[in-house]
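Read the structure below first, then the notes.
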Amino acid sequence: MKLRERFQTFMHNEALKKKLYIIIFESDTPLGKTFDVALMWCIILSILLVFVESMQGLPAVIKPFMVWAEYLFTAFFTIEYLTRLYCSPKPKEYALSFFGVVDLLATLPFYISWIFGGARYLMIIRTFRLIRVFRVFKLFSFLNEGNILLLSLILSSRKIMVFFLFVVIIVISIGTIMYMVEGDLPNSSFHNIPESIYWAIVTLTTVGYGDITPVTPLGQFLSAVVMLLGYTIMAVPTGIVSATMIKESGTSKVSDDNENLDDEIIEEMSNDIDTRTCPNCGRGGHDQEAVFCKYCGERL
């Protein structure tokens, strides 16, 4: 019974929750910033640990240390996540928020790896937690540029989808034509239309793996046309997004300029009003060029 009472007291300890909240969720205090910086380092080290673990030929002597290091990192992230739920005023909202989902996904792969061994490499999701660096080091100005880029991508999505459909039609057509040109040749690399479409995509994007190549003059001529076409087509989505970004940046700048202009107008209007008071009636608010009081007619 005492254990249950202690647990209930712990779960409703508002003073402790407030102290933990300030340390974990806020970075304005020395303890809060220290915790966030330590968290960043743990995230970076755990990511590097995943990289090193994937390398072949590592000495067997260091593997136990890597395993224990991963145990420690996972224990730290698990306790941190549970503590965030404990001290959050609205645990459900935090759990369903972007950072709450990322925090959970960054911890689960280790436990899932007990069933599916390869799942531990999903711990690379922890890189998303580094987004907190903007909050920790007050880099919110960079978030504004990120918002403009994200908004530009959203506004350009319809145009890009239309362009993408156009590209799909082109590669299907070119792949089919290339199959008609080279498909009947002995030892041809173009065995069927899907492989020909794959070649068209690789060539149009100027990747050029070289695993499928035409051998006839007509096929080589068609390849050259597709390569040149690729340089022009690949610039279209970039131009669409760039134009939208310029437009959005210009709109933001015009808004800022209008605010500055309004401030200047207000300042000029304030300067145009003389704060002198009339020596007769004691009322102010006269124009700068005024010679006589507009209320009683007395000389100013």
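Heavy atoms only: backbone and side chains are in, while hydrogens, waters and symmetry mates are out. This chain uses plain numbering: 1 for the first residue, then up along the sequence.
Through direct or indirect side-chain contacts shorter than 4.5 Å among Ile, Leu, Val, Met, Phe, Trp and Tyr, I169 is connected to L165.
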Residues F35, L31; criterion side chain to side chain contact (heavy atoms under 4.5 Å, CB included); working and verdict
CA-CA 6 Å; F35 174 80; L31 281 177; over 6 Å; no
Going through the checks in order, is the salt bridge (Lys or Arg N to Asp or Glu O under 4.0 Å) test met by E80 and R84?
CA-CA 6 Å; E80 180 228 353; R84 287 181 184 274; 2.6 Å; yes
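Between S189 and I212, the closest heavy-atom pair is CB-CG2, 3.6 Å. When all heavy atoms of F77 and S46 are compared, the pair lying nearest together is CE1-OG, 3.9 Å. Between Y21 and P89, the shortest heavy-atom contact is CE1-CD, 3.6 Å. The two residues T107 and D103 have their closest heavy-atom pair at OG1-O, 3.0 Å. In terms of heavy-atom proximity, G175 sits nearest to S196 at O-CB, 3.0 Å.
Hydrophobic clustering, with ILVMFWY side chains joined whenever heavy atoms are under 4.5 angstrom apart, groups V50 together with Y71. One hydrophobic cluster, built from ILVMFWY side chains closer than 4.5 Å, cannot hold both M227 and V167; they sit in different ones. Criterion: ILVMFWY side-chain heavy atoms under 4.5 Å apart, direct or through other members. Under it, V171 and F221 are not part of a common hydrophobic cluster. Both L49 and L45 are members of a single hydrophobic cluster when ILVMFWY side chains are connected at heavy-atom separations under 4.5 Å. The hydrophobic cluster containing V168 also contains I233, counting ILVMFWY residues as joined when their side-chain heavy atoms lie under 4.5 angstrom apart, directly or transitively.
For S188, the side-chain contact (heavy atoms from CB on, under 4.5 Å) criterion is met by E182, L185, F190, not counting sequence neighbours. Residues meeting the side-chain contact (heavy atoms from CB on, under 4.5 Å) test with Y209, sequence neighbours left out: Y198, V202, V207, D211.
Remark: side-chain polar atoms of S88 are not paired, donor with acceptor, to backbone N or O of L85 under 3.5 angstrom. Side chain of K17 to backbone of M11: a donor-acceptor contact under 3.5 angstrom is found.
Expressed to the nearest 0.5 Å, how far OG1 of T205 lies from OH of Y231 amounts to 10.5 Å. Rounded to the nearest 0.5 angstrom, S223 OG and L228 CG are separated by 11.0 Å. The distance from the OH atom of Y86 to the OH atom of Y94 is 15.5 Å, given to the nearest 0.5 Å. Between the OG1 atom in T83 and the CD1 atom in I24 there is a gap of 5.0 Å [rounded to 0.5 Å]. For the atom pair CG (L48) and CD1 (I43), the distance works out to 12.0 Å, reported to the nearest 0.5 Å. Taken to the nearest 0.5 Å, the CD1 atom of I172 stands 12.0 Å off from the CD1 atom of I177.
Side-chain contact between L222 and L218 is absent, with no heavy atoms from C-beta onward closer than 4.5 Å. Looking only at side-chain heavy atoms (C-beta outward), C87 and K19 stay at 4.5 Å or farther from each other. Within the 4.5 Å cutoff, the side chain of N187 has no heavy atoms near those of the V215 side chain. Taking 4.5 Å as the limit, every side-chain heavy atom of F76 sits out of range of all side-chain heavy atoms of L72. Counting heavy atoms from C-beta on, the side chains of Y179 and I197 never come closer than 4.5 Å.
The environment of F164 atom CZ is sparse: at most 12 non-hydrogen atoms of other residues, nucleotides or ligands sit within 6.0 angstrom. The number of heavy-atom neighbours closer than 6.0 Å to CE of M180, taken from other residues, nucleotides and ligands shown, is 12 or below.
The ring of F65 has its center no closer than 6.0 angstrom to the ring center of W68.
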